[in-house]
J.: 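After the structure tokens below, expect a handful of questions from me.
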Protein chains: 2
Amino acid sequence: MLRSGGVAGGRERPGERTIVTLEDVARAAGVHYSTVSRALDPDTARQVNVMTRKRVQAVAKRMGYQKDMVASGLKRGRTHTVAVVVGDLANPNVALMLRGISNRLEPAGLMPLIVDTQNDPARLERVLDHLLSRRVDAVIVTAARLSDGPTLRRIRRRGIPVILAVQTVPGIRLPAFTHDDILGGTLAAQHLLALGHRRVAQLRGPADIYSCLQRAQGFSQTIAAAGAMEVVLRSSGPMGTAEEGGHLMRQLLDSKRALPTGIFAHHDLMALGAISVAEERGLACPRDFSIVGYADLPNVERMVPPLTSISLPREELGRLTADVMVELLSSGARPPASRKLAPTLVVRQSTGPPRDFR
Amino acid sequence: MLRSGGVAGGRERPGERTIVTLEDVARAAGVHYSTVSRALDPDTARQVNVMTRKRVQAVAKRMGYQKDMVASGLKRGRTHTVAVVVGDLANPNVALMLRGISNRLEPAGLMPLIVDTQNDPARLERVLDHLLSRRVDAVIVTAARLSDGPTLRRIRRRGIPVILAVQTVPGIRLPAFTHDDILGGTLAAQHLLALGHRRVAQLRGPADIYSCLQRAQGFSQTIAAAGAMEVVLRSSGPMGTAEEGGHLMRQLLDSKRALPTGIFAHHDLMALGAISVAEERGLACPRDFSIVGYADLPNVERMVPPLTSISLPREELGRLTADVMVELLSSGARPPASRKLAPTLVVRQSTGPPRDFR
DNA sequence: TACGGCACCGCAAACGTTTGCGCCAGTCGG
DNA sequence: CCGACTGGCGCAAACGTTTGCGGTGCCGTA
């Protein structure tokens with residue numbers, strides 16, 4: 001029998017935030033609210049008679065019922081949120097990767113909680129605590145630096161899945177989805193060698209970013225194996241700024257040695273900064289030197305000169321990471337194995353044969 | 001007296017997710033858990049004796065207690081989350097704005113829930129429902145199109161604060177923080193006029209984006225007031241792609257009329273696309289025509305030619321929006337007034353005097 | 001008729017916090 | 001010595017879901 005009396009409404013003023021709860025629907029449908037809960041959850045819907053089920057569903061729809069994910073999260077211990085920690089939101093590399101993640105998580109009913117650490121390790125710690133207190137179901141970290149090992153181990157101990165993306169930390173027991181940066185460095189070296197360069201330079205990124213170490217390793221090994229000469233310049237500042245690239249280029253130009261004919265910069269912006277500085281000194285690219293960038297930033301093909309670069313499948317990496325995370329959370333499988341995605345060389349006009357070849 | 005017995009631990013296996021609750025702390029500190037709750041909340045901490053307060057705080061810290069924001073959210077009805085709806089995460093404009101928002105929300109203890117609609121109105125609706133069911137405290141929408149009016153009004157009716165950023169919809173009763181796009185269009189026109197251009201063209205963005213209408217209005221009014229000639233080309237495709245700009249430029253070149261000497265593109269990428277197409281036909285910029293872009297994308301100064309553009313204070317707009325939102329949520333004030341931030345003209349080398357002046 | 005089995009649904013206890021209320025032991029004024 | 005008052009704290013009811021358990025009919029079989 002329908003319980004009458006206590007008709008909903010009447011207490012709230014028009015502007016009031018009015019949320020429809022299970023109980024409201026239950027009253028309207030003449031059932032207990034637990035029945036409503038069951039009728040609306042696909043997993044339990046068959047526990048309720050098909051007639052009442054339809055009725056309840058209709059009433060719920062009519063009243064605009066929306067499950068309160070906060071209450072559900074508290075009860076179930078699963079919030080359907082995934083924290084995504086990034087080093088810098090405005091970095092185009094990061095943004096593309098995020099789009100990949102976001103587009104994959106959304107249809108699975110998972111909400112990415114994107115937090116920006118501004119590449120500050122202290123902020124990483126703070127932010128992770130904050131995220132854990134929000135009971136995220138899992139964490140994707142795309143901003144790991146070598147020094148972050150302890151922090152990462154700490155959240156691993158919380159028992160929730162953690163996946164590293166883009167950046168990893170050697171020796172950590174966490175699945176990592178990265179670009180194959182050794183291959184990236186190798187491709188750059190092979191390209192310069194194939195063009196005939198025998199004296200090369202490397203403008204390295206920060207030493208606490210593992211992918212930079214990998215790029216360096218791939219590059220230097222290949223150069224050494226070919227018996228060519230290499231000079232290495234190390235950046236101490238932030239990752240991948242034009243200023244940093246210009247700074248290193250100035251060092252190179254100021255040294256007594258002859259300018260190397262081929263240069264590998266660890267980031268496109270570093271390459272562009274280097275080119276600018278060289279031009280100030282009357283050197284032109286690729287006439288006087290060749291340079292290979294890294295990351296293949298958007299619109300870099302419209303720069304002057306269009307930059308030869310190592311292209312990274314960023315959005316795909318994001319999708320892959322999100323896919324694995326969805327799988328991990330839905331089937332409760334064991335942590336997946338790490339994977340590396342291969343970068344590709346994109347030849348444009350910032351590289352050519354060394355001058356003495358012409 | 002300390003209750004002994006039932007020492008925590010012993011039941012959980014090492015890998016188990018082990019969360020410390022108020023009750024755990026209470027047991028360890030020998031008080032009731034409501035006292036712990038009060039002692040740890042700055043607003044209620046003075047309700048508990050300073051001695052016990054210190055003790056409880058120490059115990060909580062030692063045990064690594066972290067308030068469960070999910071439970072707190074359920075009880076208080078405030079989740080300390082702000083939804084931020086964007087049209088495309090990978091758009092550099094959006095990314096910078098997001099950084100501004102994110103950096104401002106974080107110290108206030110608010111968590112941005114960033115969702116990407118891929119500029120799809122249907123997805124906007126879906127996603128907003130999802131966000132509301134997560135009981136977000138407020139919403140910032142940066143992707144509003146003219147057709148989104150009804151959707152926006154619907155969430156306004158839910159009673160939570162909504163602020164529009166970057167894009168607005170005319171006639172809607174919601175605070176909007178935007179760039180002054182009329183001024184932006186005006187600046188572009190004034191610049192071209194000052195250089196001596198008398199025949200100009202406008203490459204317009206999509207008609208359902210209000211800021212494009214504003215840019216057009218500012219530009220056309222200024223051109224008309226100076227008695228110069230203008231031809232308008234309308235883009236029907238997505239916002240601001242190079243292809244779109246190239247497409248419109250082709251139309252312009254294919255028309256019987258003489259090529260206008262000055263062009264205003266509604267987006268930097270459109271401008272770049274237009275330049276590429278013109279170059280294919282043997283026309284050079286700024287020799288044969290001048291072009292002004294919009295948005296001042298990162299690294300656009302390194303393009304060829306370095307693009308004259310209208311620069312928008314994106315990150316500042318993000319900060320401002322977030323600031324207002326924080327204020328709104330903490331003090332419960334009435335909705336703020338809309339504001340417009342002024343763009344600036346950045347002159348580079350894609351504009352110069354028209355050919356006949358030389 | 002008795003009884004087991006089953007389908008359906010209600011009951012109520014959680015999940016971890018917050019918070020109004022009220023108890024208790026002091027203290028103080030009369 | 002008594003009553004009022006107060007600071008400090010415990011009690012328990014929420015917040016909206018989920019879910020194990022058990023109750024109520026109803027059917028079929030012995």
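Computed from a predicted structure; not experimentally measured. Throughout, a chain's letter reflects where its sequence line sits, starting with A, and its residues are numbered from 1.
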J.: Just to verify, what does A:Glu125 make a side-chain hydrogen bond (donor to acceptor under 3.5 Å, both in side chains) with, not counting sequence neighbours?
T.: A:Arg154

J.: Sort and list the pairs that fulfil side-chain hydrogen bond (donor to acceptor under 3.5 Å, both in side chains) and have at least one residue in residues 95-116 of chain A, not counting sequence neighbours.
T.: A:Arg99-A:Glu315, A:Arg99-B:Asp88, A:Asn103-B:Arg123, A:Arg104-A:Asp323, A:Asp116-A:Gln118

J.: Can you sort out the partners of B:His130 under side-chain hydrogen bond (donor to acceptor under 3.5 Å, both in side chains), two or more places apart, ordered by chain and number?
T.: B:Arg134

J.: Through what angle, rounded to 10 degrees, does the axis of the helix from C:dT1-D:dA30 to C:dG30-D:dC1 turn between its ends, using five pairs per end?
T.: 70°

J.: Tell me, please, which residues at least two apart from A:Pro336 pass side chain to side chain contact (heavy atoms under 4.5 Å, CB included).
T.: A:Pro175, A:Phe177, A:Val324, A:Leu328

J.: Applying side chain to side chain contact (heavy atoms under 4.5 Å, CB included), name anything that partners B:Val70, two or more places apart in sequence or on another chain.
T.: A:Val70, A:Leu74, A:Thr79, A:Arg135, B:Asp68

J.: Can you pull the salt bridge (charged side-chain N to carboxylate O under 4.0 Å, His left out) pairs that have at least one residue in residues 36-51 of chain A, sequence neighbours excluded?
T.: A:Asp41-A:Arg76

J.: Going by atom type alone, with no hydrogens or angles, which donor-acceptor pairs under 3.5 Å involve a side-chain atom of residues 59-66 of chain B and a protein atom two or more places apart or on another chain?
T.:
from: B:Gln66; atom 1: NE2; to: A:Asp129; atom 2: O; distance (Å): 2.9

J.: Among all residues two or more places apart in sequence or in another chain, which pass the side chain to side chain contact (heavy atoms under 4.5 Å, CB included) test with A:Val115?
T.: A:Val85, A:Val127, A:Leu131, B:Met111

J.: Of the options A:Thr81, A:Thr321, A:Val82, which is the one that meets A:Leu105 in a side-chain contact (heavy atoms from CB on, under 4.5 Å)?
T.: A:Val82

J.: Can you give me the N/O atom pairs linking the protein to nucleotides 6-8 of chain D at distances under 3.5 Å, or say none if there are none?
T.:
from: D:dG8; atom 1: OP1; to: B:Asn49; atom 2: ND2; distance (Å): 3.4

J.: Whole angstroms only, please: what is the CZ-P distance between A:Arg53 and C:dC8?
T.: 8 Å

J.: List the atom pairs, donor and acceptor, that lie under 3.5 Å between side-chain atoms in residues 159-169 of chain A and the rest of the protein, sequence neighbours left out.
T.:
from: A:Gln167; atom 1: OE1; to: A:Ser211; atom 2: OG; distance (Å): 3.2
from: A:Gln167; atom 1: NE2; to: A:Ser211; atom 2: OG; distance (Å): 3.3

J.: Could you write nucleotides 13-25 of chain D as a row of B, S and -, 5' to 3', where a protein heavy atom under 4.0 Å of any base atom gives B, of only sugar-phosphate atoms gives S, and otherwise -?
T.: BBBBBBBB-----

